[in-house]
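Per chain, numbering begins at 1; letters A, B, ... match sequence-line order. Computed from heavy atoms alone, side chains included, the values below leave out hydrogens, waters and symmetry copies. Note that the coordinates shown come from a computational prediction; the quantities given were computed from them, not determined experimentally.
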Protein chains: 2
Amino acid sequence: MSDAATHGSLTGLRSCVRPGNRAGGVSQCSRCGARKASVCNAIGDPDLDRLAASVVHMTVPPGCSFIEDGAEATDFFNITSGTAKLFKLLPDGRRQITGFATAGHFLGLAVGDHYAFGAEAIDTVHLCRFSRPRMTRLMDDFPRLERRLLEEASNELVVAQNQMLLLGRKTARERVATFLLERLRNAEEDDVLVLPMTRTDIADYLGLTIETVSRTLSALRKEGLIADAGSHNLRLLDADRLADIAEGDRD
Amino acid sequence: MSDAATHGSLTGLRSCVRPGNRAGGVSQCSRCGARKASVCNAIGDPDLDRLAASVVHMTVPPGCSFIEDGAEATDFFNITSGTAKLFKLLPDGRRQITGFATAGHFLGLAVGDHYAFGAEAIDTVHLCRFSRPRMTRLMDDFPRLERRLLEEASNELVVAQNQMLLLGRKTARERVATFLLERLRNAEEDDVLVLPMTRTDIADYLGLTIETVSRTLSALRKEGLIADAGSHNLRLLDADRLADIAEGDRD
DNA sequence: CGCTGTCTTGAGAGTCCTCAACCGTGGTGG
DNA sequence: CCACCACGGTTGAGGACTCTCAAGACAGCG
């Protein structure tokens, strides 16, 4: 944890999160934009007040961490907007980003009672915090919620296996192509994707260096497969070709 | 899926599994050696007959696959003895082993209704097969089972994140050291570990080539950190030093 | 005893990393 | 207003770690 600063922005470590407010009225959860995509949709409208009473809303400014690797796992989190990075560190500061979490993602599943990863906001992140005891009670009362969580965990496992394949067996070019297509799913438009994270984040996610990421993107640009579309935006010009590259076809 | 044969033993693809028998008597599950470590321990003795009636025992010979990537996910599996490898393939045959599953491991959690990985027996594997509908009914009737599964999935996620760190950021030497220590946990003796898998499997698990694995083991042997202990066995002579290496300390 | 498959070891090549310089943008303060 | 700095990103040259290709050693088995 020494010179992690050389690898990331690292404003983190001391959490710079505002205390947060208990969710005000009954309608809070029903108006939540992330509800459709999140585990909360396992709880029906009539019971939403139970849910709303169990959560604390929080706002995490960019660059601030809200889960610290190894800390006691006291809470679960549900992201309602923004993007966070989840990561693990080696003692010498090498970092692996294990995933980017956006609206609807549920965080905090841990073995034992300590988090096994860190989490830091990339842009401003809004999230709901559940204490463990409250969450347990919710699961007791709403079995559908528990089933939904199992479903979510299964999804994450599949994603993790894909990422292992990427990290263990794909070339830099294939990794970047895979990443771009993956980002497409989080995109609003058909071919324009938003990259709120820095090159350093992308590199730490793909198991590469920022130079290799930059060079690879430049190459794809030169080949007419992608184009700039403003700051932190990219346009995919040939997603089919990128998909071929991502799977290792031809080069 | 073309020349995967160049990367692994690959007797697989066509499943060579014997049909299997319904678990005979009530006592089958209570005598199961894997019960202690498996999700089945969520179900109390009085209900074990319900459990036993829901499973089919199967024996999978070495080298045979019992889960095929992309196939319809009709069953869950619980390994009771032996070791299986879980893997994903790229179209050109590159393989990533995402994990080794031993007694107590629960397999088959999938997103949607298709498996996202393949599974193949390394040595002779004995397992219990649950059909999805039966499993769903069991979870309905035994909420503790469902909670246990969520716990298991959380564990797997933590393991997966560690593996991503390994694949994305560790050197060959660190990877091998990490692997050896990981194997130590599955070992019966304090310092002797069993490696039922081939070098090819280890390489595909660590994101390396068999040559690099072999060279790295030779180097550790030369340094007096490990020693041969018979076929497929290794003795760890300095686990502390290996732990340092695994985390990137000094060299 | 020869065959086959696994493992080991060596030499050379290639991909990606390291080190370094440079560019562009945004914020700050003289 | 603009110089200055900090930060993120790009590009280049050289090097290192791991891969590829190849040959040989070893063990199991018909």
Worksheet entry | Under-4.0 Å side-chain N/O to phosphate OP1/OP2 contact, A:Thr200 with D:dG8 | no

Rounding to a whole Å, what distance do you find between [X]:[atom1] and [N]:[atom2]?
{"X": "A:Ile210", "N": "C:dA20", "atom1": "CD1", "atom2": "P", "result": "14 Å"}
{"X": "B:His232", "N": "C:dG5", "atom1": "NE2", "atom2": "C1'", "result": "11 Å"}
{"X": "B:Asp228", "N": "C:dT8", "atom1": "CG", "atom2": "C1'", "result": "12 Å"}
{"X": "A:Arg95", "N": "C:dC17", "atom1": "CZ", "atom2": "P", "result": "15 Å"}
{"X": "B:Leu195", "N": "C:dC7", "atom1": "CG", "atom2": "P", "result": "10 Å"}
{"X": "B:Arg94", "N": "C:dT15", "atom1": "CZ", "atom2": "P", "result": "12 Å"}
{"X": "B:Glu174", "N": "D:dC17", "atom1": "CD", "atom2": "P", "result": "12 Å"}

Residues in side chain to side chain contact (heavy atoms under 4.5 Å, CB included) with [X], at least two apart?
{"X": "A:Ala34", "value": "A:Cys32, A:Thr80, A:Ala103"}
{"X": "B:Leu195", "value": "B:Phe179, B:Arg183, B:Leu193, B:Met197, B:Ile202, B:Leu234"}
{"X": "B:Val158", "value": "A:Val111, A:Ala116, B:Asn162"}
{"X": "A:Thr124", "value": "A:Thr59, A:Pro62, A:His126"}

Worksheet item: Who are the salt bridge (Lys or Arg N to Asp or Glu O under 4.0 Å) partners of B:Glu182, not counting sequence neighbours?
Response: none

Worksheet item: Got a sec, which residues hit salt bridge (Lys or Arg N to Asp or Glu O under 4.0 Å) with A:Asp238, two or more places apart in sequence or on another chain?
Response: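 Applying salt bridge (Lys or Arg N to Asp or Glu O under 4.0 Å) to A:Asp238 gives none.
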
Worksheet entry | Electrostatic pair A:Glu174:B:Arg94 at N-O distance under 4.0 angstrom | yes

Discussion item. Can you give me the bend angle of the helix from C:dC1-D:dG30 to C:dG30-D:dC1? Use the axis through the first five pairs and the one through the last five, nearest 10 degrees.
Written reply: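 For the helix from C:dC1-D:dG30 to C:dG30-D:dC1, the axes at opposite ends meet at about 20°.
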
Worksheet item: Can you list every ring-ring contact (aromatic ring centres under 6.0 Å, His included) pair that touches residues 78-105 of chain B, not counting sequence neighbours?
Response: B:Phe100-B:Tyr205

Worksheet entry | Contact pattern, 5' to 3', of nucleotides 18-30 of chain D - B, S or - by protein heavy atom under 4.0 Å | SSBB---------

Worksheet item: How is A:Arg221 classified with respect to the nucleic acid when contacts are heavy atoms under 4.0 Å: base, sugar-phosphate, or nothing?
Response: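 Sugar-phosphate, no base atom in range.
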
Practice prompt. Compute the centroid of each ring, for B:Phe76 and then for B:Phe106, and state whether the two points are separated by less than 6.0 Å.
Written response: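 Ring centres of B:Phe106 and B:Phe76 closer than 6.0 Å.
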
